[in-house]
Amino acid sequence: MRIVLVVLVAALGAACATEAPVATAPQVPSLARASAPSVFVVDVSRDTTAQNETPVAVNPRNASNILTGANDWNYNDGCAYNVSFDAGHTWSPTLPNGFIPGLTRFTNDPDAPGTGVYEAAGDPAVAFGPDGTAFFACQAFNFTQPYEIALYVSRSTDGGLTWQDGVRDKPAQVSKWNGNGKSKGSSGQFPDHESIAVDDHVGSPFFGSVYVTWVQFDGYQGTHSPVQVAFSRDGARSFSAPFKVTQGPIRNNQDARIAIGSDGTLYLTFDNGIQGGKGTANYVAVSRDGGASWTTPVVFSVYDNPVCLFPPYCFNISGLPFRAPGSYPAPAFDAARNRLDVVYADIAADGVAKVFFTSAPAAGVSDPAQWSRPAVVAPGTGDRFGAELSVSPGGRVDVMFDDRSYSGNTLADLTYASSTDGAATWGSTRLSTAGFDPGLYGVPSASSATGIRPFIGDYNGIISLADRAVMTWTGVAPKTGRLNDNLEIFFGSVTP
């Protein structure tokens with residue numbers, strides 16, 4: 001999200017120039033693979049300024065068609081997208097027109113106005129429907145009174161190459177509340193960290209439904225960021241009224257996501273501060289009627305010391321401070337074992353942040369006693385955070401995370417880990433070709449003395465295919481000006 005929303009989150013108490021990096025000699029984590037899998041990595045965005053927050057989706061009708069998105073700090077100040085039709089080897093360009101229309105009032109040409117009414121947009125989320133329609137969720141907002149902010153979903157029928165133009169065909173508005181998004185005192189509201197999921201299970205009574213979930217920061221009105229869910233039965237042309245999943249004392253929520261079971265059951269996970277800091281516990285709620293109603297959320301895991309990378313309010317790992325993915329639950333439905341899997345990051349007793357895995361049978365997710373004891377994923381030597389999870393149709397469990405195990409716990413890299421035995425054992429490999437210090441890189445910031453704000457995004461993306469896993473994350477490219485603000489989307493494909 002843009003600078004203004006960082007301030008908004010802070011106001012709510014949501015605790016939660018160098019040269020290009022040089023590769024360092026890797027320190028191989030324990031349980032690393034004896035033989036490396038097949039890997040290729042490419043720079044997706046290939047432009048001159050920052051992108052971060054990188055979801056990914058694969059077209060079920062054409063596995064070579066891959067879509068990603070990002071917060072985009074080019075002049076359009078909106079949601080960027082890039083699409084590939086050759087399994088990720090080449091991508092559509094970010095500049096000049098690789099951004100979602102109908103949201104911001106800018107293009108990347110100062111003399112050509114955009115088709116939206118907002119000053120900025122962010123928090124991208126992407127998905128494909130079973131018929132190959134692509135969906136892109138993005139929030140848009142204004143910095144000036146009355147501080148409008150709303151959540152939208154755009155559609156593409158050509159694999160993500162083009163989108164609704166915002167003039168003749170407008171994105172669908174999801175969040176119905178639209179007003180003072182300034183988020184101060186008792187009157188401010190805004191949707192945060194939206195995610196999107198589509199039911200592609202042919203046996204589901206809700207086949208093709210599109211689900212969007214987010215947390216609605218609403219000031220101090222007794223509920224504190226309730227988790228909301230809206231659904232569409234008409235291909236994201238319209239959405240239901242939002243359903244408030246959390247009530248009463250379950251507040252201070254963030255990072256809501258939905259995983260979908262083979263029968264159409266929805267599993268919603270989120271983290272919760274329990275009247276305090278972000279990420280104290282992970283919750284799950286279930287819907288068996290296509291999102292129309294939800295069970296009361298229950299705790300399925302508790303953090304020892306959640307990774308909180310949100311300076312200046314929190315930064316609890318070593319080194320220069322930076323904002324980055326920290327601790328949150330990433331869910332995936334494991335159809336081969338009929339269970340819900342979740343990974344998250346936590347700082348263990350030895351002071352090192354690790355990635356943990358836990359799971360529960362589909363019928364028992366609402367019973368805390370049926371969740372497995374959290375176990376470390378592919379142990380390493382450095383801090384690990386920002387874990388993402390996906391499961392292949394055959395049951396291979398795939399995990400990605402930011403990792404400082406290759407540099408004496410100083411530089412950030414990207415690690416892929418996988419398990420073919422249900423998470424009993426793991427293999428892992430390094431995807432990034434060079435580590436970098438996120439404290440030295442960031443997004444443009446006029447209010448910063450350095451001209452940048454160290455911020456590499458709040459989430460990454462992973463999708464499991466039958467024969468491989470594909471991933472997107474934020475890395476750095478050589479700077480194009482005087483500042484280290486050329487954050488880029490990177491794509492990696494791994495064949496285990």
For [X] and [Y], which I'm curious about, is there any donor-acceptor pair between the side chains at under 3.5 Å?
X: Asn253; Y: Asn272; answer: yes
X: Asn142; Y: Thr144; answer: no
X: Asp271; Y: Gln254; answer: no
X: Asp398; Y: Ser390; answer: no
X: His201; Y: Asp263; answer: no
X: Asp413; Y: Thr415; answer: no

message: Using the side-chain contact (heavy atoms from CB on, under 4.5 Å) definition, which of the options Asp367, Val284, Asn282 pairs with Val298?
response: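 Single side-chain contact (heavy atoms from CB on, under 4.5 Å) partner of Val298 among Asp367, Val284, Asn282: Val284.
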Candidates Val286, Val245, Thr246 - the one meeting side-chain contact (heavy atoms from CB on, under 4.5 Å) with Trp294: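 Looking at Val286, Val245, Thr246, the match for Trp294 under the side-chain contact (heavy atoms from CB on, under 4.5 Å) is Val245.
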- prompt: Would you call the rings of Tyr344 and Tyr303 parallel, tilted or perpendicular if under 30° counts as parallel and over 60° as perpendicular?
  reply: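 Taking Tyr303 first and then Tyr344, their aromatic rings stand perpendicular (interplane angle over 60°).
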query: Using the ring of each side chain (for Trp, its six-membered ring), is Phe322 parallel, tilted or perpendicular to Phe315, with breaks at 30° and 60°?
result: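 Geometry flag for Phe315 against Phe322: perpendicular rings.
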Looking at [X] and [Y], does any basic side-chain N land under 4.0 Å from a carboxylate oxygen?
X: Asp334; Y: Arg337; value: yes
X: Arg257; Y: Glu388; value: yes
X: Asp169; Y: Arg155; value: yes

query: Applying the ring pair (Phe, Tyr, Trp, His ring centres under 6.0 Å) test to Tyr283, which of Tyr267, Phe300, Phe270 qualifies?
result: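 Between Tyr283 and the candidates, ring pair (Phe, Tyr, Trp, His ring centres under 6.0 Å) is satisfied uniquely by Phe270.
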- prompt: Checking side-chain hydrogen bond (donor to acceptor under 3.5 Å, both in side chains) for the pair Ser318/Arg404: CA distance, chi angles, key distance, verdict?
  reply: CA-CA 11 Å; Ser318 61; Arg404 304 203 299 181; 3.0 Å; yes
Ser418 and Arg396: CA distance, side-chain angles, deciding distance, side-chain hydrogen bond (donor to acceptor under 3.5 Å, both in side chains) verdict: CA-CA 7 Å; Ser418 67; Arg396 187 189 67 249; 5.4 Å; no
Below 4.5 Å, heavy atoms only, C-beta onward: do [X] and [Y] meet side chain to side chain?
X: Met471; Y: Leu431; result: yes
X: Glu53; Y: Pro124; result: yes
X: Phe136; Y: Cys138; result: yes
X: Met400; Y: Leu414; result: yes
X: Tyr118; Y: Phe106; result: no
X: Asn52; Y: Thr54; result: no
X: Leu309; Y: Phe385; result: yes
X: Asp77; Y: Asp72; result: no

Please table the atom pairs, donor to acceptor, closer than 3.5 Å between any side-chain atom in residues 356-365 and protein atoms at least two apart or in another chain.
unit_1: Thr358; atom_1: OG1; unit_2: Ser372; atom_2: O; d: 2.7
unit_1: Thr358; atom_1: OG1; unit_2: Ser372; atom_2: OG; d: 3.3

Ser392 side-chain N/O to Ser464 backbone N/O, donor-acceptor pair under 3.5 Å: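 No; zero donor-acceptor contacts below 3.5 Å.
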CA sep, side-chain torsions, deciding dist, call: Leu389, Ile462, side chain to side chain contact (heavy atoms under 4.5 Å, CB included): CA-CA 7 Å; Leu389 170 70; Ile462 185 171; 5.5 Å; no
message: Both conditions, 6.0 Å and 45 degrees, for the charged tip of Arg323 above the ring of Phe455: are they met here?
response: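 Judged by the rule, Arg323 and Phe455 form a cation-pi pair.
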